[in-house]
Every structure is written in C-alpha cells, then in structure tokens.
Amino acid sequence: MLSREEIVTGLQKIIPSHQVITEEQLLKEYSIDRYYKVESIWGIYSLPTPAAIVKPSNTQEVANILMFCNENLINVVPRTGGSATEGGLETAVENSIVLDGSDMKKIINIDTYNMQATVECGVVLETLENEVRALGFTTGHSPQSKPLAQLGGLTATRSTGQFSTLYGGIEELIVGLEAVFPNGQITRIKNVPRRAAGPDIRHVIVGNEGTMSFITEVTIKLFKYYPENHQFYGYILDDMELGFKLIHDVITAGYRPSVVRLYSPEDAHYHFSHFHEGKAVLLFMAEGPKGIVEATSKAIEEIVGKANIQQVDSKHIANWFYSLNWDEKKVEEERIEVKETNNCGFTTEVSANWSAIYPIYKNSIDRIRKEIPDLTLLGAHSSHSYINGTNLYFVYYYDMKCKPEEEMSKYHDPIQNIIVEETLKAGGSMCHHHGVGKHRTHFLAEEYGNSLYILKELKKAFDPKGIMNKGTIFGLNEKL
Ligand SMILES: Cc1cc2nc3c(=O)[nH]c(=O)nc-3n(C[C@H](O)[C@H](O)[C@H](O)COP(=O)(O)OP(=O)(O)OC[C@H]3O[C@@H](n4cnc5c(N)ncnc54)[C@H](O)[C@@H]3O)c2cc1C
C-alpha cells in the first residue's frame, strides 16, 4: 500500500500537479457529504480525510487516475456537485482520493433538431437548463438541488426532479453516456432513440453511485418548453387517504400533470402556513402544448371536483413553486439556523404501489411519534407519481438534546430505520431518489431479495479490486 505522500506524488506524475489538491481544510470538507451535518456545521470531522482531491480535465485523465488507483488499491470517491445526502461522498477508509469531475464542465452540443444535449459530467444542471430555456427548450429535469447538482452526480444517483410525473426520472432522460471503469477502460454508449440489442447497458452506469465507474459525459433529452401554458391547482383536505386516492385517480385515468403533490398537514404547515388551515394540501401543475394542458386541467377539475374538497387560489401554488429550489445561499442559511437553534432536520424518501402507500405513511408516522423524542416537525409528502404507485418523502425535525456528534444515532438513524422497515414490510422500496449512499446499506439484502445476486456480480465484474467508493451501496463489511 502506498503512503499518503506516495499517492500524491504518484498522481502528480500522471496529471498536472495543480490538479492534485492537498489543502487540509478542503480535504476535511471533501471527506463528507451533506449527511453529516455535525461535521459541516460544527466543524467536527470524524472520518478519515482523503490523501488528495484530484480534478481531471478530460476523460483520458480520468482513465489514467483510475488505472493508477486500481494498480495501487487506492479507494476512489467520485464527486461532482457535492449535494449528496446519504453519505455517498464520505471517504470511509484511510488514504482515499476524491475524484472530482467538477472542472469538466463543457456543454459539448445542444442539438435542438434531434432534441438532445451532450455535456461533460461537471456541468451544473441549472446552467444547462438556462442555456436550453433561452432556446425555447427544457431538459424536464428539475431536482430541488438544480443550482448545485451536476450532470455526473445526477446520473450516478438516479436523481429525479419536480416535473418527473410528466418527464420521468433521469433514467428516462439519459440517451447515452460515456464512463470510465477502474481498469481505465473508456466506454461510450451511443445516442439512439431505442434499441433492442441486448439488455440496456446504460443502467449499469445510471445509479451506480460511483461504485463501478466514473461518468464523464452524458447526453440528455430535450423537450419544447411552454411556460405560457402552465396551469396550477391547489386544494386543502382533511384526509391523506383521500388525497392518495385522488392522485391515483388522475394518474391511472391516463393524465400526466408535471407536478402532482400531496402534503400532510404538518408538512403543509412548513410550506403553506398562509392558507392551508391546518389541513393537508393537494396540488397539481399541468404543462406542455396548450391542448394537452387544457385536457389535463379539465381532468383534474373533474376528478378532484367530484371529491368536493376546498380549492385554493392557484397563485398560492405558483408562488410557492417558483421559489422551491435550494442554492448555496439557502444551504448556508440552514447551517446557521441549525447552529443557533439546535433544531435539526432531515428527510427519507421511499416508494410503493398505490395500495401500500397510505399504510406506510400511517404506520411510519404513528411509530415515529411513539418511539422518537424531541420532535418538532413530522410530516410527509408524495411528489412523484407513476401508473402503479407513488413516492413518500418524509420530513422530520427535532430539538437536539445530545452532543452534535450523537445526533445521527439518537434521532436520524432510528427515524430512517422506522420508515424503511415499514416500507419494506409493505413491499415498497427503501429509496426513491437519494441513493443508498453509506447509510441505507444495512437494508440492501432485504431491498433486493435474491436479485442481489445480479447487483453483486456487476460489482465484482466491473470493480474486481473493490476500489470504487468503498462502503457505498455495499456496506464496508458486505461479502461480495
Ligand atoms: C437541498 C437539496 C435538495 C435536493 N433535492 C433533490 C431532488 O429534488 N431530487 C433528487 O433526486 N435529489 C435531490 N437531492 C440530492 C442530490 O442533489 C442528488 O443526489 C444529486 O443527484 C447529486 O448530484 P451531485 O452532482 O451533487 O453529486 P455528488 O453529491 O457529487 O455525488 C453523488 C453521488 O454520486 C457519485 N458521483 C458523483 N459524480 C460522479 C461521476 N461523475 N461518476 C460516478 N459517480 C459519481 C458520488 O460518489 C456520490 O455517491 C437534493 C440535495 C440537496 C442538498
């Protein structure tokens, strides 16, 4: 095994030395992701810091770095926007390197005839979206972290966005991509509308969370953008079960609003305190060509209208919607608030079929209320719907009555465990869009059942020496 110094000098031989960063404070900050709030907020860093942060400027450099790490058994933690929330960026073992693709930020091609854009992994989604919007198009991808997250990480986590009910998650938006494997093999999957030439190999890469390959370039679909046709609908109601039923009825009737959301009363209070009257909030946004928006709007009015619930002014929904995204400023404000108040929160997102979703909501909320102390907010919303079911995004805040470094074990982990246990028991998935990271790995066997065989064989085939993002998706002690 190489020492830290040998790792740094070895790297400096294969890429320009200014691209190998060893500044102590940065190494600390790059040893975590947003999961460990104690570390970023109170400056208590407990994980091994990486030997270096390496910033490649092209695909060949990525290949050279990976080959060097593979030969010398150095753990590689891929990174782009740094907005991960489940520990995927944590450097879990000594003398890792962070392979940071954020300097690979060329928009290579915006092809508005074939409706696709090709970008390097370090392009911030908001930058690309602004470019294509100026031409009258959209990527259709709009996670709340759009100003922070970059295309490499967004693809590696199977991210999803606020308009996913219409456009789909990133797995449906990625046309083709380029990725590099630990042995230095560069692979490029071509951009075609569809093919039936064997399994869809894009999905070995999309969602790999940096555990099998490093994504260097992606091609993403484009859609025509019609902001002038946007329509918003908002309702308040007493009964979450009825809310889920109404979403079900709109979606299964064949309509695709771009946004379909149901907020529990507590979660609604966080966003809509000025009008929700202590009730749950159901909202929709329809977008696209005029005729489609009109048909979708009519269906929402008819289906929800039959339930006789109170409609609110659509301006409330539009106003809320246009200020939903998080940028660095909001993240910093949150850090300051947590430090001042000791009131801290987190989220856990899961998915399930229609018939299971209300029981998961109810059982999780009931158990958390009973089992977890010091809660100041506990709620959930559904925000991404499909023909066969929907997701649930639990939101919880608590007054920390412990040392900052005990926060996760006292509050976050037990709450997340309850939600995941209730979800798996009901046949749902433990993770809708934040990735497994390093903090849901203990549920992997139950999540996958005997199909875990496929995932493990992929890992063994593409990363036989186990150098890619140790402890992510597969726990550190997981036997492959
Ligand atoms: C305020 C906030 C709001 C959020 N909202 C959403 C949301 O609406 N929807 C959603 O899906 N997520 C959301 N997230 C989570 C996060 O933004 C996503 O997971 C996003 O996809 C991460 O992109 P990134 O570029 O920041 O990746 P990073 O944080 O840098 O990395 C994420 C993971 O991908 C791996 N990775 C990064 N780059 C590469 C690469 N080039 N090749 C291979 N692996 C790589 C990393 O090792 C890590 O495991 C939110 C996060 C925050 C902080």
Side-chain angles (χ1 to χ4, degrees), residues 30 32-35 37 40 53 55-56 59 62 66 75-92 96-105 119-126 141-164 169-171 173 177-182 204-218 259 261 324-335 345-347 349 381 383-384 391 393 395 431-439 441 462-463 468-473:
Y30 275 61
I32 58 163
D33 67 22
R34 208 171 153 273
Y35 183 94
K37 289 192 175 176
S40 58
I53 301 159
K55 301 192 89 171
T59 301
V62 171
L66 286 178
N75 180 46
V76 177
V77 179
R79 180 176 179 118
T80 49
S83 68
T85 56
E86 291 295 323
L89 297 175
E90 289 167 15
T91 46
S96 305
I97 67 146
V98 174
L99 184 53
D100 179 352
S102 61
D103 279 353
M104 293 176 65
K105 51 185 175 200
V119 300
E120 288 185 327
C121 59
V123 170
V124 175
L125 177 57
E126 188 166 72
H141 199 47
S142 187
Q144 257 185 290
S145 52
K146 187 170 80 171
L148 310 168
Q150 303 174 4
L151 267 302
L154 287 159
T155 307
T157 50
R158 285 179 74 85
S159 61
T160 200
Q162 291 145 3
F163 312 130
S164 72
I170 197 140
E171 68 281 6
L173 302 174
L177 37 65
E178 181 188 75
V180 187
F181 287 81
V204 175
I205 296 167
V206 177
N208 89 81
E209 294 186 49
T211 64
M212 297 179 212
S213 62
F214 188 92
I215 299 160
T216 44
E217 185 187 299
V218 306
V259 183
R261 289 187 175 222
L324 203 53
N325 289 338
W326 278 66
D327 53 14
E328 279 299 346
K329 187 167 163 272
K330 262 197 185 178
V331 172
E332 192 47 37
E333 282 167 6
E334 187 202 34
R335 285 198 185 113
F346 220 84
T347 63
E349 23 60 60
H381 59 262
S383 41
H384 309 272
N391 82 309
Y393 190 95
V395 182
C431 179
H432 178 262
H433 61 264
H434 282 167
V436 180
K438 296 190 175 67
H439 299 286
T441 54
F462 292 119
D463 181 24
M468 296 297 285
N469 212 350
K470 278 188 201 299
T472 297
I473 299 185

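Index from 1, following the sequence. Indexing begins at 1, ligand by ligand and atom by atom, following the structure's order. Given the structure is predicted, the values throughout are model-derived calculations rather than measurements.
With a heavy-atom cut-off of 4.0 Å, Thr85 touches ligand 1 through its side chain alone. For Gln162, no heavy-atom contact with ligand 1 is shorter than 4.0 Å. Using a 4.0 Å cut-off between heavy atoms, Thr157 contacts ligand 1 through its side chain alone, with no backbone atom that close. Under 4.0 angstrom from ligand 1, the non-hydrogen atoms of Asn469 all belong to its side chain.
Shown here for Val119 and Leu151, the closest heavy-atom pair between the two residues is CG2-CG, 3.6 Å.
In terms of protein heavy-atom proximity, atom 8 (O) of ligand 1 is closest to Gln144 N, 2.9 Å. Nearest to atom 11 (O) of ligand 1 among the protein's heavy atoms is Thr160 N, 2.9 Å. Considering only non-hydrogen protein atoms, atom 53 (C) of ligand 1 sits nearest to Arg34 CD, 3.4 Å. Regarding atom 28 (P) of ligand 1, its nearest protein heavy-atom neighbour is Gly82 N, 3.5 Å. With respect to atom 10 (C) of ligand 1, the closest heavy atom belonging to the protein is His433 CD2, 3.3 Å. Ranking the protein heavy atoms by distance from atom 27 (O) of ligand 1 puts Gly153 CA, 3.4 Å first. Scanning all protein heavy atoms for the shortest distance to atom 51 (C) of ligand 1 gives Ser83 O, 3.4 Å. For atom 47 (O) of ligand 1, the closest non-hydrogen atom of the protein is Pro78 O, 2.6 Å.
For ligand 1, the atoms lying closer than 4.0 Å to a non-hydrogen atom of Ser159 are 11 (O), 21 (O). Taking every non-hydrogen atom of Ala156 and a distance limit under 4.0 Å, the qualifying atoms of ligand 1 come out as 34 (O), 35 (C), 36 (N), 43 (C), 44 (N), 45 (C). Those atoms of ligand 1 that come under 4.0 Å of a heavy atom in Ser213, given as number and element, are 43 (C). Near Ala84, meaning under 4.0 Å from any of its heavy atoms, are these atoms of ligand 1: 29 (O), 32 (C).
Put simply, OG on Ser164 and NE2 on His141 are 9.0 Å apart, with the number rounded to the nearest 0.5 Å. To the nearest 0.5 Å, atoms CD (Glu209) and OG1 (Thr157) are separated by 7.0 Å. Atom CZ in Arg79 sits 7.5 Å away from atom CD1 in Ile53 (nearest 0.5 Å). For the atom pair CD (Glu86) and CD1 (Ile473), the distance works out to 12.0 Å, reported to the nearest 0.5 Å. Between the CD atom in Gln162 and the OG atom in Ser383 there is a gap of 9.0 Å [rounded to 0.5 Å]. Between the CD atom of Glu349 and the OG1 atom of Thr160 there is a distance of 10.5 Å, given to the nearest 0.5 Å.
For ligand 1, the polar-atom distance check finds an N/O of Ser145 within less than 3.5 Å of one of the ligand's N/O atoms. In terms of polar-atom proximity, defined here as any N/O pair under 3.5 Å, Thr472 makes no such contact with ligand 1. Taking any N or O of Ile215, backbone or side chain, at least one lies under 3.5 Å from an N or O belonging to ligand 1. At under 3.5 Å, a nitrogen or oxygen of Gly81, whether backbone or side chain, sits near a nitrogen or oxygen of ligand 1.
The aromatic rings of His381 and Tyr393 sit parallel to each other, their planes meeting at less than 30°, with 60° as the upper class boundary.
Ionic pairing of Arg335 and Glu332 is present here: one or more N-O contacts between side-chain nitrogen and carboxylate oxygen are shorter than 4.0 angstrom. Using a cutoff of 4.0 Å between basic side-chain nitrogens and carboxylate oxygens, Lys330 and Glu334 are not scored as salt-bridged.
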Before you tell me yes or no, could you show the steps for Thr472 and Val77 under side-chain contact (heavy atoms from CB on, under 4.5 Å), namely the whole-Å CA-CA distance, both residues' side-chain angles and the distance that decides it to 0.1 Å?
CA-CA 9 Å; Thr472 297; Val77 179; over 6 Å; no
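The only member of Thr91, Asn469, Asn75 that meets side chain to side chain donor-acceptor pair (under 3.5 Å) when paired with Ser96 is Asn75. Only one option out of His432, Glu171, His434 pairs with Arg158 in a side chain to side chain contact (heavy atoms under 4.5 Å, CB included); it is Glu171.
Between the side chain of Lys438 and the backbone N or O of Ala92 there is no donor-acceptor pair closer than 3.5 Å.
In this structure the side chain of Asp103 reaches within 4.5 angstrom of the side chain of Lys105, judged on heavy atoms.
Of the listed residues (Val436, Asp33, Thr80), the one carrying the non-hydrogen atom nearest atom 38 (N) of ligand 1 is Thr80. Comparing Gly161, Gly87, Ala179, Pro143 against atom 7 (C) of ligand 1, the shortest heavy-atom distance belongs to Pro143.
At a 4.0 Å cut-off, at least one heavy atom of Leu154 sits close enough to ligand 1 to count as contact. Residue contact annotation: Gly435 has no non-hydrogen atom under 4.0 Å from ligand 1. For the ligand labelled ligand 1, residue Leu89 lies inside the 4.0 Å heavy-atom shell.
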